Amino acid sequence: MVTSDALDPTSADATDAATAPRPVAVVVGPPGAGKTTVAAALADRLGVPFHDVDLAIEQQQGRSISDIFVDDGEPVFRELERDEVARALAEQRGVLALGGGAVMTPETQQALKGHVVVFLDVTIADASRRIGFDRSRPLLSVNPRASWTAMMNTRRPTYQQVATHRVDTAGRTPDEVVDAVLTALGLTATPDAPDAPNAPA
Ligand SMILES: Nc1ncnc2c1ncn2[C@@H]1O[C@H](COP(=O)(O)OP(=O)(O)OP(=O)(O)O)[C@@H](O)[C@H]1O
Ligand SMILES: O=C(O)C1=C[C@@H](O)[C@@H](O)[C@H](O)C1
Ligand SMILES: [Mg+2]
């Protein structure tokens, strides 16, 4: 399990309202930062559950995020997202990945206060290599590189404001990013988690 008592989801204080159990970490950042990939790998290393808000919305709605944007428009998606983030922050005890734009909703900025929030930083060069800008990202379907850059310029101050930790992903593999997150949070992987480097054979 995690080594920091303050962040241990199974700590004895878990029932105390003042120290209510929370996600070990909430991962934020723009499309292509690697939120889903890194949050899942981090959860594996720590031996805690992984929860992705984008995936949860798609499962709950029974349709893709692209379809929600096309059928109902972005404002409806943002309401669904706001509600799912609030639910996940209240219920999840593992590692949580938010959608790229979730932090721009004021209620979500408020809800993130007091949580451990990791901003995965990335440049346009790495983001475009990673995601290839296919049609599955509705906000990046026209002029993807220019749109991503404008989006990141607008959002960067908010990512920085909501985050308690920033981890640079440039030139790092997902496993190396996980190492950097663990170091930033002062945590070590649980030895018996299946993907821990020191897991028993
Ligand atoms: N550090 C990394 N180095 C190289 N490739 C990566 C890295 N992190 C993620 N990837 C790859 O980049 C792609 C996008 O990653 P991922 O879906 O995790 O990003 P995301 O931040 O969750 O994006 P979105 O906001 O669209 O959900 C995936 O194919 C993943 O394997
Ligand atoms: O950056 C964004 O605004 C988005 C990112 C994705 O994670 C999805 O939440 C959706 O495509 C919107
Ligand atoms: Mg994702």
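On a predicted model such as this, the values are computed, not experimentally measured, just so you know. In each ligand, atom 1 is the first atom listed, and ligand 1 is the first ligand listed.
Residue contacts with ligand 1 for A97 are absent, since no atom lies close enough (heavy atoms, distance under 4.0 Å). At a heavy-atom distance under 4.0 Å, no atom of M152 approaches ligand 2. Of all the heavy atoms of R129, none lies under 4.0 Å from any atom of ligand 1, so neither backbone nor side chain is involved.
The atoms of ligand 1 that sit less than 4.0 Å from any heavy atom of T37 are 9 (C), 15 (O), 16 (P), 18 (O), 30 (C), 31 (O). Taking every heavy atom of D54 and a limit of under 4.0 angstrom, the matching atoms of ligand 2 come to 6 (C), 7 (O), 8 (C), 9 (O). Which parts of ligand 1 touch R172 is read off a 4.0 Å heavy-atom cut-off, strictly below it: atoms 1 (N), 2 (C), 3 (N). The atoms of ligand 1 that sit less than 4.0 Å from any heavy atom of K35 are 18 (O), 19 (O), 20 (P), 21 (O), 22 (O), 23 (O), 24 (P), 25 (O). Every atom of ligand 1 with a heavy atom of G34 under 4.0 Å away is listed here by number and element: 8 (N), 9 (C), 15 (O), 16 (P), 18 (O), 19 (O), 20 (P), 21 (O). Residue contact check: P30 has heavy atoms under 4.0 Å from atoms 21 (O) of ligand 1. Here is the list of ligand 2 atoms found below 4.0 Å of a heavy atom in P31: 1 (O). Per-residue contacts place D54 under 4.0 angstrom from the following atoms of ligand 1 (heavy atoms of the residue considered): 27 (O).
Shown here for E81 and I57, the closest heavy-atom pair between the two residues is CA-CD1, 3.5 Å. Between A25 and L185, the shortest heavy-atom contact is CB-CD1, 4.0 Å. Of all non-hydrogen atoms in R130 and A33, the two that sit nearest each other are NH1-O, 3.2 Å.
Every residue meeting the side chain to side chain donor-acceptor pair (under 3.5 Å) condition with D72, not counting sequence neighbours, appears here in chain and number order: R63. Applying the side chain to side chain donor-acceptor pair (under 3.5 Å) test to D52 and every residue at least two apart in sequence or in another chain returns T36.
When only interatomic distances are considered, the shortest N/O to N/O separation between K35 and ligand 2 does not fall below 3.5 Å. Checked by distance only, ligand 2 and G100 come closer than 3.5 Å through their nitrogen or oxygen atoms.
Within the 4.0 Å heavy-atom shell around ligand 2 one finds R78. Ligand 1 has A33 within reach: a non-hydrogen atom of the residue lies less than 4.0 Å from it. Proximity of G29 to ligand 1 is not established, as no heavy-atom distance is less than 4.0 Å.
A tilted orientation is assigned to the rings of F69 and F77, their planes being inclined by 30° to 60°.
Put simply, L120 and L55 are part of two different groups of oily side chains (I, L, V, M, F, W, Y) that touch within less than 4.5 Å, one to the next.
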